[in-house]
Amino acid sequence: METDTGAYASVRVETRLGESVAVFGYPLSHVLASGGNFTLGNVTALAGLGNDTRFIQISAPVQPGNSGGPLLDGYGNVIGVVTSKLDALAALAVTGDIPQNVNFALRGASLYAFLLSYGISPVAGSSEKKLEAPDLAERASSFSVAVTCE
């Protein structure tokens, strides 16, 4: 089934350490709400595991099912795509401590380049009006869909 809401995401390529971010997705949809989940956090590092600069580290909580969902800035621009979370049990075995909210997203610059490589011209992000959390959630919901494999 194909659905076109008419909504689209604007993409911002730069990311700032410490900036507020929001995540929208469909985590654990077989257990949690099927209409989407929204969480808030911050950019906690400008690189991912092993100092991989294709990714950024975020503190917004994510679960299985958030992967592929948008990472938004405070203006509703997509600045990344959620990809993964740190394996807490593996980290516990190595460090003796359970990490909290260590999650990762592909940078907006990589998303922008990917879209261009497929002939899609992304709309450049703007910073005209900062949005409140409920407005960010509504915006993300307007251009996000759950994709499941059975």
Side-chain angles (χ1 to χ4, degrees), residues 1-29 32-88 90-91 98-149:
M1 180 171 107
E2 209 170 294
T3 310
D4 183 357
T5 63
Y8 61 90
S10 53
V11 179
R12 196 182 101 210
V13 296
E14 66 279 343
T15 307
R16 297 183 64 207
L17 182 64
E19 78 176 287
S20 297
V21 293
V23 168
F24 185 85
Y26 300 89
L28 305 171
S29 60
L32 302 176
S34 62
N37 273 274
F38 178 80
T39 61
L40 298 169
N42 296 89
V43 174
T44 55
L46 294 176
L49 287 171
N51 217 26
D52 189 340
T53 57
R54 294 174 300 167
F55 298 90
I56 56 175
Q57 183 179 319
I58 59 171
S59 64
V62 301
Q63 308 301 325
N66 276 112
S67 295
L71 178 68
L72 303 169
D73 67 9
Y75 300 92
N77 301 305
V78 175
I79 62 167
V81 177
V82 176
T83 57
S84 61
K85 61 189 274 179
L86 188 64
D87 183 332
I98 297 175
Q100 297 178 20
N101 296 331
V102 180
N103 307 305
F104 304 96
L106 184 70
R107 285 178 175 270
S110 297
L111 170 62
Y112 200 88
F114 172 82
L115 293 171
L116 285 176
S117 74
Y118 282 90
I120 300 168
S121 297
V123 174
S126 71
S127 56
E128 291 177 12
K129 180 183 175 198
K130 196 152 191 143
L131 301 175
E132 296 292 326
D135 298 320
L136 281 172
E138 190 173 283
R139 175 151 170 70
S141 177
S142 75
F143 59 70
S144 300
V145 296
V147 177
T148 58
C149 298

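For the single chain, residues carry numbers from 1 onward in sequence order. As the structure is a prediction and not an experimental result, all values here were calculated from the model.
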- So Tyr118 and Phe114, would you call those rings parallel, tilted or perpendicular, with 30° and 60° as cut-offs? tilted

- Item | Test item: Ser84 side-chain N/O and Phe104 main-chain N/O as donor-acceptor pair under 3.5 Å | no

- For Asp52, side chain to side chain donor-acceptor pair (under 3.5 Å) partners two or more places apart: Arg54

- Between Val82 and Pro70, which heavy-atom pair has the shortest distance, and what is it? CG2-O, 4.3 Å

- Query: What residue among Ile56, Thr83, Leu71 forms side chain to side chain contact (heavy atoms under 4.5 Å, CB included) with Leu106?
  - Reply: Thr83

- Say you draw a straight line from OH of Tyr75 to OG of Ser20; how long is it, rounded to the nearest 0.5 Å? 10.0 Å

- Query: So does Arg16 pair up with Glu14, basic N to acidic O under 4.0 Å?
  - Reply: no

- Heavy-atom donor-acceptor pair, Asn37 side chain to Gly25 backbone, under 3.5 Å: no

- How far apart are the closest heavy atoms of Ile120 and Pro122, and which atoms are they? O-CD, 3.0 Å

- Report the distance from atom NZ of Lys130 to atom CG of Asp135, rounding to the nearest 0.5 Å. 13.0 Å

- Is the side chain of Ser142 donor-acceptor paired with the backbone N or O of Arg139 at a distance under 3.5 Å, no angle test? yes

- Would you name the heavy atoms of Gly36 and Phe24 that are closest together and state the gap between them? CA-CZ, 3.8 Å

- Task: Scan residues 104-113 for pairs that pass side chain to side chain donor-acceptor pair (under 3.5 Å), counting only residues two or more places apart or in two chains.
- Result: none

- Task: Please step through side chain to side chain contact (heavy atoms under 4.5 Å, CB included) for the pair Leu136 and Phe38, ending with a clear verdict.
- Result: CA-CA 9 Å; Leu136 281 172; Phe38 178 80; 3.8 Å; yes

- Identify the two heavy atoms, one from Leu40 and one from Ala133, that lie closest to each other, and give their separation to 0.1 Å. CD1-CB, 4.1 Å

- Query: With a cut-off of 6.0 Å (strictly less than), are more than 12 heavy atoms of other residues, nucleotides or ligands near CD1 of Ile98?
  - Reply: no

- Item | Gly76 to Ser10 - nearest heavy-atom pair and separation | O-OG, 4.3 Å

- Query: For the side chain to side chain contact (heavy atoms under 4.5 Å, CB included) test, which of Val21, Leu72, Leu111 pairs with Ile79?
  - Reply: Val21

- Any donor-acceptor N/O pair, Arg12 side chain to Asn77 backbone, under 3.5 Å: no

- Could you tell me which non-hydrogen atom of Asn42 sits nearest to which non-hydrogen atom of Gly18, and how far apart they are? ND2-O, 3.1 Å

- Task: Rounded to the nearest 0.5 Å, what's the gap from OG on Ser59 to CD on Gln100? Could you check?
- Result: 11.0 Å

- Report the distance from atom CG of Asn103 to atom CD of Gln57, rounding to the nearest 0.5 Å. 8.0 Å

